[in-house]
Amino acid sequence: MGRKKKVVQAEKAGRKKVSAVENPESFMGKCPVWGFKMHDASHPRWSIENYSFYEAIMNKLISFEGLTWSEIQAASGGRRIGTNHHFEPIEILSKEAQKRILELKLDIDEVFSFRLSSTERLYGIVEDGVFYILWYDPIHEITPVSKK
């Protein structure tokens with residue numbers, strides 16, 4: 001009978017070379033791009049399909065296109081102290097919004113909120129400068145504000 005050969009592979013000890021390291025906030029110098037593939041079409045109140053998109057949302061999105069993400073996040077105004085457009089941690093969203101994020105199987109810990117007017121908000125997910133629209137909230141119920 002023949003002899004079985006024993007094959008031994010030599011492992012090379014070394015470091016893997018990282019080809020590119022990207023700063024997660026590198027999009028801050030970019031202008032926003034709008035994405036619609038994540039919108040929550042089946043929500044009865046927050047779906048953008050429930051509203052006249054052009055009148056309620058499109059003109060406002062157009063007004064942001066000449067700004068960078070850094071400029072958008074620095075914008076302030078209204079009665080609130082702070083910025084108009086900012087990330088919101090999931091924990092401060094309404095219970096319904098938190099539940100909906102779980103139902104949609106979104107693996108996120110924050111959403112971005114655009115302030116469109118005193119009560120209107122547009123919520124979404126920012127990935128590399130693309131704002132994926134999730135919800136349109138015309139009455140500010142996703143992040144309720146306590147009245148003084």
Atom pair [atom1]/[atom2] of [X] and [Y] - distance to nearest 0.5 Å:
{"X": "W46", "Y": "D137", "atom1": "CH2", "atom2": "CG", "result": "7.0 Å"}
{"X": "E88", "Y": "T143", "atom1": "CD", "atom2": "OG1", "result": "5.0 Å"}
{"X": "L93", "Y": "K99", "atom1": "CG", "atom2": "NZ", "result": "15.0 Å"}
{"X": "R115", "Y": "H85", "atom1": "CZ", "atom2": "NE2", "result": "8.0 Å"}
{"X": "C31", "Y": "E65", "atom1": "SG", "atom2": "CD", "result": "8.5 Å"}
{"X": "N50", "Y": "R45", "atom1": "CG", "atom2": "CZ", "result": "10.0 Å"}

Can you give me the closest heavy-atom contact between [X] and [Y], atom names plus distance?
{"X": "K30", "Y": "D128", "value": "NZ-OD1, 3.1 Å"}
{"X": "P32", "Y": "I72", "value": "CG-CD1, 3.7 Å"}
{"X": "P138", "Y": "Y136", "value": "CD-O, 3.5 Å"}
{"X": "H140", "Y": "S118", "value": "CD2-O, 4.2 Å"}

Below 3.5 Å, can you tabulate the donor-acceptor pairs from side chains in residues 102-112 to any protein atom, sequence neighbours excluded?
residue	atom	partner	partner atom	Å
E103	OE1	R100	NH1	2.9

[X], [Y]: one ILVMFWY side-chain cluster at the under-4.5 Å cut-off?
{"X": "I90", "Y": "W135", "answer": "yes"}
{"X": "F36", "Y": "L134", "answer": "no"}
{"X": "W34", "Y": "I62", "answer": "yes"}
{"X": "M28", "Y": "V33", "answer": "no"}
{"X": "L61", "Y": "L67", "answer": "yes"}

Please check this pair: side chain of E71 against backbone of T68, looking for a donor-acceptor N/O pair closer than 3.5 Å. yes

Between M38 and I125, is the side chain to side chain contact (heavy atoms under 4.5 Å, CB included) condition met? List the steps. CA-CA 8 Å; M38 292 184 179; I125 300 164; 3.7 Å; yes

Heavy-atom side-chain proximity of V126 to F27 below 4.5 angstrom: yes

Side chains of E96 and H43: does their closest heavy-atom pair fall under 4.5 Å? yes

Could you tell me whether H39 and Y132 have their ring centroids closer than 6.0 angstrom? no

Can you classify the ring geometry of W69 versus F114 as parallel (below 30°), tilted (30 to 60°) or perpendicular (above 60°)? tilted

List the steps and the verdict of side chain to side chain contact (heavy atoms under 4.5 Å, CB included) for F64 and L116. CA-CA 11 Å; F64 291 115; L116 304 181; 4.1 Å; yes

